Amino acid sequence: MYRTHHCNELRKSHAGETVTLSGWVNTVRDQGGVIFIDIRDREGVTQCVFRAEENAEAAKLSHSLRSEDVIQVAGRVDHRPEIDGQSTINEKIETGEVEIVVTDLTILNKAEVLPFQLDKELSNEDLRMKHRYLDLRRPRMTRNLRTRHAITKALRDGLDENGFAEIETPILSKSTPEGARDFLVPSRLNPGKFYALPQAPQQYKQLLMVAGIEKYFQIARCFRDEDLRADRQPEFTQVDIEASFISTEDIFALIEGLLTKVFAESRGVEIKTPFDRLDYWDAMDRYGNDKPERRFGCEIVDLSEHFKDSGFGVFKRAIEGGGVVRAINAKGFAGVSTGQIKRLEEVAKEAGAGGLAYIQVRGKAHDTWRSPIVKFFSEEELAAIEKDLNIEEGDLILFGCDSRRTVCDVLGRLRLECCEMNNWLEGKEGELDFLWVVDFPLLDYDDDEGKWNAVHHPFTRPKACDEALLEDESKWGEIRAEAYDVVLNGNELGGGSLRIHERDLQAQMFRVLGVDDEEQAENFGHILGAFQYGAPPHGGIALGLDRLVMLACKEESIREVIAFPKNNKGIDLMSASPAEVDFKQLREIYVKSTVQEKKD
RNA sequence: GGAGCGGUAGCUCAGUUGGUUAGAGCGCCGGCCUGUCACGCCGGAGGUCGCGGGUUCAAGUCCCGUCCGCUCCGCCA
């Protein structure tokens, strides 16, 4: 038997018992005559004491112990003694009132010196990933992985309690031209043909609804061959949910219940339900973003009314051209540095602005306002923006003037940049602001491609009241979808929609998206066919599990909550994948590389 | 595809206007120590300053190129 207890189990009440522990050498404190070893397992640490008078052989062996050796100790649980009237209790650890007086020490496996110290901060991501199995030994990482387990368990239990059945769908599936780039898998048995790894089990879960499953879920691995980010990996996990005969309200209630359970069981916190709801354009107009971070203010204010006939030509012309003039008030940021203004200008331009107009409010009087543009404003205009933006001494006002969409984007990004520059979220890390963003547009015109795209996906149902607008292309941009996102602290946790379940409506939707009849038959024939045979009304949602766990663990990257993640370039540095394969393997699957060797 | 930040000892980092033998803390190795818990004390080893080229009497430091890591934009229905 390797152990009778784990390393965070023994307390005063165990004193006198003979126990056995197994684990890693966390620290060695060799005093010469007496040696202290902290033994660590995944639960915690326990101090072991070696003395020559207890067991000369074990004490001698203990001198040879090094960090991360794997050992087994047996001995007697003892109270921490008082030495010269001083307590030796360590209040910093949960087992600090006891220690094990070791009588037997077995070295199960020696460890080489590690490439990095487990108890120190490590900034070298490269090194962490190369030795991920060591990185994961650090308590924070172990805790993250176990929190991930607690969350998936809470979700499974919650969905099970609501009558949902977990069903696996194929990993080898069919490539669809819409959406993200697919990972492809050549088929050996079908030369020249390829499977695609699923970006999401969307069509399969809808077909399960046609199959009469009614309530489906899956903790589903999904794949997208796009560039990576701190919150994006090429393979990631979605909690995929679909149900028949269900309304949006039913889905909201289900998800609010699940997230309540998740945060109660993973972090022990109670979250407020029901979540607030914001419609898409409300979110865009106020926060410039469809996943608003609402833990700080600085909302966007529309000033178009005041500048219709302005002497400031830039604003006037923007409004005449159908655009808007809006601004945010970055409270207390009048002391913005030249470098920061330059940075804010870059952010604005990146979002499509021509430039950045601003006012540094140095004092109460309008003539103390420092700004490249304020000289063009009339006294009435100054008074009006002072009132609408609630301008006070010390504020920084940032303007945007352009089309509504561009201004939303520009000011939305500036708002977040100001937040970062000023640490407005300091002290609010623990706040959990959930909300639903609803009434997304159904379609979005892509200028580059010259065609309409689905904002969510092509299976999303238009709102019943807007369905008739599908007949009139000039109105396509106004059609709202039965689609919704759940947002937490400015992060999109998940999104879903009610789906189209009628064959004709689905075919019409494809035509709107520029998918002709032939292409429909080839790529979507199975789902259009299925809809002819009694498809029930249905809808669902998918939650990004990695992001959810990341936020629950208060981490900044999903890499911290994935056991073996990939780096910026999609490489697993530990196993060195992807890797080249030999010619024979490629020949078997009828694949030939076109990569050119780099010439020096 | 683009932008920003970074790469100096095993790790975390410092290194001034270019100027002696490139430093610190932790870790590591050896020694001492019977109540430590960030143990302490003494001694020691350890460097292709990412790589290549250039400027210079002299480059970790300046210039050019390149590789790698992270972050962001594009992209991600």
Side-chain angles (χ1 to χ4, degrees), chain A residues 26-38 45-54 59 63 66-68 78 80-84 86-93 95-96 99 101 112-131 134 176-182 199-200 202-203 222-234 236 343 346-347 349-352 409 413 416-417 420 440 442-444 446 448-449 451-460 481 483 492 495 497 509 513 515 544 556-557 559 567-569 571 573 598 600:
Chain A
N26 201 52
T27 49
V28 179
R29 292 181 297 278
D30 189 339
Q31 309 285 303
V34 56
I35 302 100
F36 299 98
I37 303 287
D38 287 341
V45 295
T46 301
Q47 173 166 286
C48 304
V49 191
F50 296 81
R51 285 193 213 91
E53 54 268 34
E54 298 285 342
H63 285 291
R66 297 290 177 268
S67 281
E68 301 305 309
D78 219 343
R80 293 277 183 106
E82 232 177 57
I83 305 289
D84 299 332
Q86 293 284 309
S87 164
T88 59
I89 289 172
N90 182 356
E91 286 169 5
K92 290 181 198 159
I93 58 173
T95 59
E99 61 192 17
V101 181
E112 294 287 327
V113 175
L114 266 48
F116 51 85
Q117 289 167 258
L118 300 184
D119 59 345
K120 291 279 187 301
E121 275 299 307
L122 180 60
S123 63
N124 188 338
E125 290 284 310
D126 210 351
L127 192 71
R128 287 181 66 194
M129 292 306 158
K130 216 173 257 169
H131 304 276
L134 298 178
T176 49
E178 297 272 330
R181 196 174 290 118
D182 284 319
Q199 298 176 25
Q202 182 61 34
Q203 295 185 48
C222 303
F223 305 86
R224 289 177 193 177
D225 188 9
E226 296 292 347
D227 284 7
L228 285 74
R229 288 281 193 286
D231 62 352
R232 260 162 36 191
Q233 285 272 306
F236 60 101
R343 172 73 199 129
E346 270 171 37
V347 169
K349 284 181 176 167
E350 235 167 42
D409 192 20
R413 291 195 204 195
L416 291 173
E417 189 68 31
E420 196 162 314
F440 275 79
L442 182 73
L443 298 161
D444 181 38
D446 185 321
D448 298 335
E449 289 181 87
K451 66 183 275 279
W452 290 89
N453 284 328
V455 169
H456 188 48
H457 57 52
F459 309 105
T460 299
E492 181 191 333
S497 61
M509 184 66 188
L513 297 172
V515 182
E556 307 247 306
S557 165
R559 280 193 292 265
N567 77 359
N568 247 349
K569 293 209 171 131
I571 295 168
L573 290 166
K598 260 194 189 166
D600 291 322

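So you know, we letter chains A, B, ... as the sequences are listed, proteins then strands, and number each from 1. Bear in mind that the values here come from a model prediction, so they are computed numbers and not experimental data.
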Check every atom of [options] against the side chain of [X] and return the nucleotide holding the closest atom.
X	options	value
A/Thr88	B/rC11, B/rC37, B/rA77	B/rC37
A/His457	B/rC11, B/rC37, B/rA77	B/rA77
A/Arg224	B/rG69, B/rU71, B/rC76	B/rC76
A/Asn124	B/rU12, B/rC37, B/rA77	B/rU12

Base of [N] paired with side chain of [X] (donor-acceptor, under 3.5 Å):
X	N	answer
A/Arg232	B/rC75	yes
A/Arg80	B/rC37	yes
A/Asp227	B/rG74	yes

Query raised in the report: Do A/Glu54 and A/Val49 have side chains that get closer than 4.5 Å, going by heavy atoms?
Result: no
Protein-nucleic acid N or O pairs under 3.5 Å, nucleotides 3-5 of chain B:
none

Requested in this report: Go through the structure and list residues passing ring-ring contact (aromatic ring centres under 6.0 Å, His included) with A/His457, not counting sequence neighbours.
Outcome: A/Phe459
Report task. Quick one: look up who B/rC11 pairs with, Watson-Crick or G-U, both distances under 3.5 Å, and put none if it's unpaired. Result -> B/rG25
Report task. Compare the aromatic ring of A/Phe116 with the six-membered base ring of B/rC11 and state whether they stack according to the 5.5 Å and 30° rule. Result -> no
Report summary line: B/S/- along nucleotides 22-28 of chain B (protein heavy atoms under 4.0 Å) is ----BSS
